[in-house]
Amino acid sequence: MTGLGRHHSANNLPARRRALAVFRFACAAMTWAAVLILVALLVHVARQGMSWLDWQFLSSFPSRFPDQAGIKSALFGTLWMISTTAIIAVPLGVGAAIYLEEYARRGALSTFIQINIANLAGVPSIVYGMLGLVIFVRFFLLGRSVLAGALTMSLLILPVIIIAAREAIRAVPGSLRQASYALGSTRWQTVRHHVLPSALPGIMTGVILALSRAIGETAPLVMIGALTYVAFVPEGPLDAFTTLPIQVFNWTSRPQKDFHALGAAGILVLLIVLLVMNTGAILIRHRAERRGG
Amino acid sequence: MMTSIMEARNVTIRYGEAPAVREATLVIPENRVTAIIGPSGCGKSTLLRAFNRMNEFIPSSSMDGEILFRGTDIYDKGIDPVEVRRRIGMVFQKPNPFPKSIERNVSWGPAINGYEGDPRERLEGALKKAALWDEVKDRLGSSALGLSGGQQQRLCIARTLAMEPEVILMDEPCSALDPVSTAHIENLLFELKKKYTIVIVTHNMQQAARVSDYTAFFEAGVLVEYGETQQVFTRPKVKRTEEYVTGRFG
């Protein structure tokens, strides 16, 4: 024991322990600060909107009378928009990631594409809204439809899906690919049977993040003119629509107090939809992980 | 007299500019075990991977020369690398079973290649040939990742055997295994060479001496000596080989 004390590195051990304790405290404080702010927000919204959240609210269309106003058209509009977006963006994004990781030759072009995708992920959503307005609404004559909105949202979240899927695919060990190729499999068989199943949990994480972003976005949809007063439920991808965040935005910008409470109730509905969607995705991810790819 | 099944002719393999294998020429005899030995980084694994075109997955690699399989250059235009790898199988340094069931590990290769015949029979046959059947026959449906390292490597061998390849390339197949598992696999090689041609890269000279019929000694990418194992180990013609096999360097 006396020998240990003479050792130089042992002398600063108490200082290192203190530094560790400070660091640990700082990390915990930040975590709890984030959690507490979130809880405060949720409590505030719940207290304001909870009493308005009933069946009448869910099954009615918007109205100028707060007592009769409901969220039906926005709820269905959001469900239509988000599922159409998922159908468009997930296959495209995962496909692009597979191509870039497994097929494309590494070179100047692939680096250029990679940098551009990373940049696109940081472009403000309103810019996508303008793009969507010019291309989908006007040029392709889709009008202010679910499809135009979903295509715009797909553009917005594609970079996120591509980046996450690429990371997940890159994390699949090379030894797995080699094992597959050495058994006389083609590139596609290797991707389909080994790479994708192993990468699925990571891809699902990216999809969750991307769709969560899409479901809460307002600006691009306002830009392409998703109506704020819609008294019907879309019945096809070419129908006009509104979404939960747009409806909430509309209500909160009115002067009457009751509409603010309706807005809070709308936020609660949006949160529940988000929660259900993410739970589903996490269940899929969990199953993929348990199977071990 | 032996018949040749594969042949490397003036093979040079580069990663970028630096050659990893220089002008290697050697003949692989059929139904024999050929060992490739040499110090780390001598290019032995690189050469082995050239025998079934596995280097193609390393973007910077390039190859000159020819590799013949039953008289045909496997790098010819019009030769499908998938077909090459189906007939020339490979077992890797670290056991790399698929994260799937034991059964699926063995049946996947034949399934995607459209093999006919009873899959059950093929599964049992391959696992028996790899001396693994008795240990796993009651849990064919459980994950291959639950097996020990030695069992996993034998599963990888079984998976390769199920493809009924003509040549099996083994890249230091025992380097990640304990001595008991190693002995298991070495015994297996004696059985397998009756039906298959085996090329094994090893850094373990005792292993090369024990299991192989022919030995090629590489140093710095150059084939220094190649001959019958007995001769290479007891009466090497080149001084450098003698120094290596007697353990004076490497």
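Quick note on labels: first sequence line is chain A, next is B, and so on, each numbered from 1.
- With a 4.5 angstrom heavy-atom cutoff, B:Phe98 touches chain A via backbone and side-chain atoms both.
- Between B:Glu56 and B:Arg49, none of the side-chain N atoms (NZ, or NE/NH1/NH2) sits under 4.0 Å from a carboxylate O, so this pair counts as no salt bridge.
- Interface remark: B:Arg87 contributes no atoms to any contact with chain A (heavy atom separation under 4.5 Å).
- Heavy atoms closer than 4.5 Å to chain A are found nowhere in B:Pro110, neither backbone nor side chain.
- Side-chain contact check for B:Tyr15 and B:Ser62: no donor-acceptor pair (N or O, by modelled atom type) lies under 3.5 Å.
- By the 4.0 Å N-to-carboxylate-O rule, B:Lys194 lies close enough to B:Glu191 to be salt-bridged with it.
- A salt bridge between B:Arg120 and B:Glu124 is absent, with no side-chain N of the basic residue lying under 4.0 Å from a carboxylate O of the acidic one.
- Using a 4.5 Å cut-off between heavy atoms, A:Arg177 does not touch chain B at all.
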